[in-house]
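By convention in this document, chain letters (A, B, ...) are assigned in the order of the sequence lines, proteins followed by strands, and residues within each chain are numbered from 1. As a basis for the values below, the full set of heavy atoms in this structure was taken, side chains included, without hydrogen atoms, waters or symmetry mates.
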Amino acid sequence: MRRWITAAAFVTILWSAQDAEWLTYGGNAAGWRYSDLAQINTGNVAALAPRWIFQTHVPGNTETSPLVRGGIMYLTGPSNHAFALDLRTGTEIWHYQRTPPKPLDLCCGEVNRGFAILGNRLFKVSIEDTLLALDSATGKPLWETTLGDYRKGYSGTAAPLVVKDKILIGTGGAEFGIRGFVDAYSPENGERLWRFYTVPDADDPASATWGKRSNLRVGGSTWITGTYDPELNLTYWGTGNPGPDMDGDVRPGDNLYTCSIVALDPDTGALKWHFQFTPHDTHDWDAVADPVLADLTIGGRKVKALIQANRNGHFYVLDRTNGKFLLAVPYTKVNWNSGIDSNGRPKVIPGLDPSEGGVKVCPGLPGGHNWQATAYSPLTGLYYFGSTDGCQSFYKREEDFVEGAWYQLSGGRDIPGEHPAGSFIAIEPATGRIRWRFDMVRNPSGGALATAGGLVFIGDYYGNLIAFDGRTGKVLWRYQTGAQISAPPVTYTFEGKQYIVLAAGQAVLAFALP
Amino acid sequence: MTISKRMLPAGLLAVTAWAQTAAPPGNPGAVEAGAQLFERHCESCHGKGGHEGRAPDLTSGHLASGARDEDLFRTISDGIPGSEMSAYAARLKPAEIRNIIAFVRSRSRAGEAPLTGDKARGEALFWGKGGCANCHAVGARGNLVGPDLSRIGRQRSVSYLRESLVNPGGDIVRGYEGLTVVTRDGKTIRGIERHRDDFSVVLQDFSGKIYSFERSSLRSVTADRSSLMPSYDGRFSPTEMNDLLAYLFTLGRTGEKP
């Protein structure tokens with residue numbers, strides 16, 4: 001153990017105090033994924049090339065958003081792996097791993113999206129839905145606490161969020177009849193400080209939005225990291241689908257607070273406001289996509305806004321002080337509503353719920369924009385995100401609920417001859433106008449990064465990491481990483497030199513200029 | 001896929017359930033539970049109810065990896081290396097696998113009427129008039145432009161093969177999608193898509209030649225909606241179609257009667 005501490009201390013000594021770090025999942029508390037770094041810019045990005053590659057040797061999709069602090073990179077892998085790397089060489093300083101229990105009920109693999117860091121502690125979830133604190137110098141576990149029971153379908157995939165002196169985290173598992181929540185924990189000992197359930201108790205007035213026939217109220221997972229506004233002292237979390245996904249008949253009503261943004265007091269967990277994008281969702285359109293906080297000027301008025309590219313096919317702008325609806329504009333083909341009313345409620349076209357024979361709905365089950373990290377650039381004033389563009393047939397069947405069992409009750413299928421395409425979109429958040437759109441064979445499977453160099457990056461399904469001119473959408477550079485990209489890139493400097501780093505397949509690649 | 005058009009009503013399940021090996025006695029819930037698991041995990045390849053999918057017909061009683069319960073359990077748990085059948089041990093509990101087996105047993109149609117075609121005449125059609133070997137291989141003979149048919153009798157159901165002959169574009173096997181590109185100087189090349197993203201295209205023509213292009217060097221790139229294979233509807237008489245199917249059914253079934 002001593003030699004690890006010595007190695008970490010040695011790296012720390014060499015690290016230059018002026019270097020730019022990457023300290024949270026979203027790059028800042030507002031979730032921008034934007035960096036002030038401009039060494040790599042539109043004029044020289046063509047020369048960007050790999051400087052080192054680290055192999056995790058862990059199979060599965062690597063969705064991690066690495067953290068960079070003090071000359072060290074901290075990243076998580078699938079299946080409860082985590083690593084600390086030396087920024088100088090890309091070599092491993094420590095490796096944490098624990099074998100997940102079997103069997104696990106998971107919709108989407110044993111994935112993990114990253115660490116949170118506070119002081120000398122790292123925080124991550126395990127796939128079996130526990131929250132862990134690791135010593136940042138050694139990777140040694142310090143404490144662990146259970147979030148949800150994996151035998152009942154709960155799972156952990158999101159990166160935690162540090163808000164002041166608390167660690168905030170949600171849960172996955174809405175395809176398995178879980179009851180979603182946002183939790184806050186003590187970084188010292190893992191004690192739970194509060195819990196907000198995204199699906200209300202029976203005595204809560206909001207429970208009336210689930211009908212009276214059944215006591216079953218499930219769903220509302222919280223599987224993407226929220227954001228935080230320190231001025232308003234509010235934390236914002238997107239919530240997932242109600243359960244069962246496709247059969248809405250057993251849950252008549254709006255099904256609060258699923259497919260919503262919830263704004264919580266981070267000190268107490270009290271709900272300050274909510275906004276529901278898709279009332280009574282029957283198409284698995286989670287609202288977990290990054291809830292990005294941006295100050296906009298709309299109609300001459302300055303607005304503290306929350307923006308989201310929602311899975312239901314619309315880009316939304318809300319007033320983040322009170323949850324008031326300001327704007328919704330479709331960014332892809334939408335056939336399920338005839339507009340959004342002045343309160344933000346969709347005018348749903350009847351007859352488009354899933355059926356036994358299948359019903360064509362656009363967008364399909366994956367969206368629209370799904371969960372992949374987005375980027376907001378204050379330099380260009382644009383918001384960047386990927387989209388799946390097309391339709392699917394939605395099917396349903398009826399089945400009784402069994403605790404912990406798959407409770408989706410059928411799903412979406414591609415329509416023969418209609419393979420959904422994809423695009424990478426730059427939108428003006430104050431108007432919802434699409435400034436540019438890069439059409440793609442299929443949706444970009446990775447996340448976005450914007451920089452003060454005028455660049456925006458995205459990774460695609462085919463392994464290309466692509467750099468665009470953020471203003472025009474012109475492709476300036478690309479690199480074939482050799483595996484489907486499921487992670488967002490991040491950027492930092494080491495010894496004064498800017499790097500772009502990205503996980504692809506089982507590799508972590510660090511790029512820099514010559 | 002074409003499967004959805006031919007969905008069987010759920011009630012039919014009970015009527016057709018004549019089990020080759022009985023479902024666990026005293027546990028009728030196993031078949032029902034297995035049906036739900038099957039729909040979720042197996043149906044997209046094996047078809048509604050275990051047949052008419054692109055993967056082997058599970059209702060015929062002929063299974064390449066063994067048809068005993070323990071064989072099925074092993075196949076579902078571990079998958080079949082080198083095939084599209086993946087391992088489910090991490091996704092399904094042992095009890096769930098046993099329920100799926102109970103469901104598959106309940107769907108058995110082992111007693112159905114055998115194929116009426118003449119496999120010798122079908123073999124002659126395959127290598128002669130049909131021109132099948134221009135693209136497909138059986139053993140060491142034929143061509144490898146299309147899917148290798150050496151074991152197709154085990155890999156696909158007869159109804160699936162019949163549908164593929166009539167409507168080859170209905171379900172194109174992954175890795176055999178057609179692509180047409182037109183170069184900036186007006187040359188058109190049609191072949192099988194080997195790679196296509198937003199920056200580059202690789203395709204292979206019928207002679208086996210491989211072409212690699214930057215997208216910027218191409219005037220157009222079009223994914224073929226239809227299969228590169230022609231439809232045999234009208235090309236073959238119904239008798240010839242049955243003969244060819246009888247031959248295809250024997251492939252990979254050495255020593256078995258069709």
Which of parallel (below 30°), tilted (30 to 60°) and perpendicular (above 60°) describes B:Phe103 and B:Phe38?
tilted
Quick one: what part of A:Asp439 sits under 4.5 Å from any heavy atom of chain B, side chain, backbone, both or neither?
backbone
When only pairs under 4.5 Å are counted, which of A:Trp406, A:Phe438, A:Tyr461 shares the most heavy-atom pairs with chain B?
A:Trp406
Please determine whether a side-chain nitrogen of the Lys or Arg among A:Asp249 and A:Lys396 lies less than 4.0 Å from a carboxylate oxygen of the Asp or Glu.
yes
Measuring only between side-chain heavy atoms, which start at C-beta, is A:Val58 closer than 4.5 Å to A:Gln97?
no
Residue part contacting chain B, namely of A:Gln480, when any heavy atom lies under 4.5 Å:
side chain
Top contributor to chain A interface from B:Glu39, B:Glu96, B:His195, B:Lys93 [non-hydrogen pairs under 4.5 Å]:
B:Glu39
Under 4.5 Å from any heavy atom of chain B, what part of A:Val402 do you find: side chain, backbone, both or neither?
neither
Proximal component of A:Leu409, with respect to chain B [non-hydrogen, under 4.5 Å]
neither
Taking the side chain as C-beta and beyond, is there a heavy-atom pair between B:Val201 and B:Leu218 under 4.5 Å?
yes
Between B:Arg194 and B:Glu177, is the closest basic N to carboxylate O distance under 4.0 Å?
no
